[in-house]
Asks: 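There's a structure below that I have some questions on.
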Number of protein chains: 2
Amino acid sequence: MPAASRAAKEHKEAVETPRYDERETRALGLWVVLSRAAASVSSLSTADIALSELTPAEFGVLELLYHKGPLLLGEVQKKVLVSSGGVTYIVDRLADRGLIERRLCPNDRRARYAAVTRKGKALMKQVFPRHAKAMADALASLNPEEQAQAHELLRKLGLGAARAMGPKAVK
Amino acid sequence: MPAASRAAKEHKEAVETPRYDERETRALGLWVVLSRAAASVSSLSTADIALSELTPAEFGVLELLYHKGPLLLGEVQKKVLVSSGGVTYIVDRLADRGLIERRLCPNDRRARYAAVTRKGKALMKQVFPRHAKAMADALASLNPEEQAQAHELLRKLGLGAARAMGPKAVK
DNA sequence: ACTAAGTCTCTCAGTGCTAAGACAAAATGT
DNA sequence: ACATTTTGTCTTAGCACTGAGAGACTTAGT
């Protein structure tokens, strides 16, 4: 963008946007419905997951490993957005129940893989389809077209917000 | 992803990826971007609120009382979606810091009002505008039109999900 | 009146998580 | 070769909640 037209645009906004806080009102309103929608859907998701005697975070890790195969704990952490201590805790619990197991990493003696056991696979095979259906039902108030629109908007929003918080990784 | 290439990709580690129907795939994908977007925006919100030495829940209660005036604790609970024990806890903390105070209810001796003190008002007066701006920035990757679309879709989604979980109040 | 049921707040034990730091191993620089 | 920095996981302490229940009070039914 040429400097001249940018300056023109800035001038224009400064002049023609007297109600500066309309932007904020709109944003706050959107943030309210966003967090409420997420909370409601999350509540349905959690309720379904609880039927399997798992917490959402446990389910998240188990499902991740089920669909992606064995992963290093650090990779798991990046995917599920939990602190490093949290990953250890969750993996401990799943391992105690025999649903996953830790494996040594041949190239790096600090690292550990987490891998779903046969028991874990059996559980997911039984539980995941029901969960998928529960989520489809939870979002059914939007028709496919609307879901596609929402998906695109939220993707954009999520990326923008993630960028805005900088590369601030979860520790 | 075409079924053929997915099958080829799976060959590596014997990961079982049964085919789910399109409705469920779409719903799961939407749920992922929804929760990620909410998490990112929430993270920005929390970071801003933390500058005032408040947790998000404390800020939520304080802001609610600031804008709506004194409310019974039960009313507060309904608005901020926290358990009854949580409301007591949060109100305790805000009251300890002198930002709000409890008041007797003339008509019902069980009930208590929570009301923002002068100190609490002063804090909000100083902090809220900055927070509003922070949220506007956090959502700025969507233009006003897109924000309006997202608002409408999320409102619909949230209402549908809330209805689906029945009148299951927070205890 | 009296009882039963409902409502409002608070208590308390328990939980899933975070943050900070410790430790070991690996990568990088010198 | 060695020192430094970085990386990957685990440990520990602590926190912001939740859930179940109790006590105090009100309301409704008889």
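By convention in this document, chain letters (A, B, ...) are assigned in the order of the sequence lines, proteins followed by strands, and residues within each chain are numbered from 1. Just so it is clear, the model here is predicted, and its values are computed rather than measured.
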Asks: Measuring from atom CD1 of B:Ile49 to atom CG of B:Leu44, what distance do you get when rounded to the nearest 0.5 angstrom?
Replies: 11.0 Å

Asks: Measure the distance from CG on B:Leu104 to P on C:dC8 and round it to the nearest whole Å.
Replies: 17 Å

Asks: For DNA chain C, whose closest nucleotide is more 5', that of A:Arg110 or that of A:Thr55?
Replies: A:Thr55

Asks: Nearest whole angstrom, please: distance from the P of D:dC15 to the CG of B:Asp92.
Replies: 15 Å

Asks: Could you check how far CG of A:Leu71 sits from C1' of D:dG8, rounded to whole Å?
Replies: 15 Å

Asks: Can you check side-chain contact (heavy atoms from CB on, under 4.5 Å) on B:Met124 and B:Phe59, steps first, answer last?
Replies: CA-CA 9 Å; B:Met124 282 309 278; B:Phe59 183 87; 4.1 Å; yes

Asks: How many Å lie between CZ on B:Arg103 and C1' on C:dC8, as a whole number?
Replies: 19 Å

Asks: Just checking B:Gly74: base, sugar-phosphate only, or nothing, at a heavy-atom cut-off of under 4.0 Å?
Replies: sugar-phosphate

Asks: Considering just the side-chain nitrogens and oxygens of A:Arg102, establish if one lies under 4.0 Å of OP1 or OP2 belonging to D:dC10.
Replies: yes

Asks: When only distance counts, do a donor and an acceptor, one from the side chain of B:Ser84 and one from the base of C:dC10, lie under 3.5 Å apart?
Replies: yes

Asks: Is A:Lys78 salt-bridged to A:Glu75, cutoff N-O under 4.0 Å?
Replies: no

Asks: Of all the nucleotides listed (C:dC10, C:dA19, D:dT18), which has the minimum atom distance to the side chain of A:Ser83?
Replies: C:dA19

Asks: Using whole Å, report how far CZ of A:Arg112 lies from P of C:dA24.
Replies: 13 Å

Asks: Going through the checks in order, is the side-chain contact (heavy atoms from CB on, under 4.5 Å) test met by B:Gln126 and B:Leu123?
Replies: CA-CA 5 Å; B:Gln126 179 202 345; B:Leu123 178 63; 4.3 Å; yes

Asks: Taking only side-chain nitrogens and oxygens of A:Arg93, does any of them come within less than 4.0 Å of OP1 or OP2 of C:dG16?
Replies: yes

Asks: Does C:dA26 have OP1 or OP2 under 4.0 Å away from a side-chain N or O of A:Arg109?
Replies: yes

Asks: Answer with yes or no whether the side chains of B:Arg163 and A:Ser141 bring together a donor and an acceptor at under 3.5 Å.
Replies: no

Asks: Take the protein atom CZ of B:Phe59 and the nucleotide atom P of D:dA16, then report the distance between them rounded to whole Å.
Replies: 17 Å

Asks: Could B:Arg26 and B:Asp21 be called an ion pair, given the rule that one side-chain N must be under 4.0 Å from one carboxylate O?
Replies: no

Asks: State whether A:Tyr89 places a side-chain N or O below 4.0 Å from either non-bridging phosphate oxygen (OP1 or OP2) of C:dG16.
Replies: yes

Asks: Calculate the interatomic distance between A:Ile90 atom CD1 and C:dT15 atom P; express it in whole Å.
Replies: 16 Å

Asks: Indicate whether the side chain of A:Arg130 and that of A:Ser52 have a donor and an acceptor atom separated by less than 3.5 Å.
Replies: yes

Asks: Counting only side-chain heavy atoms from C-beta out, which of D:dG8, D:dT26, D:dC10 sits nearest to A:Asp108?
Replies: D:dG8

Asks: In whole angstrom, give the distance that lies between atom CG of A:Leu73 and atom C1' of C:dA24.
Replies: 15 Å

Asks: Return the angle between end axes of the helix from C:dA1-D:dT30 to C:dT30-D:dA1, with five pairs used per end and rounding to 10°.
Replies: 20°

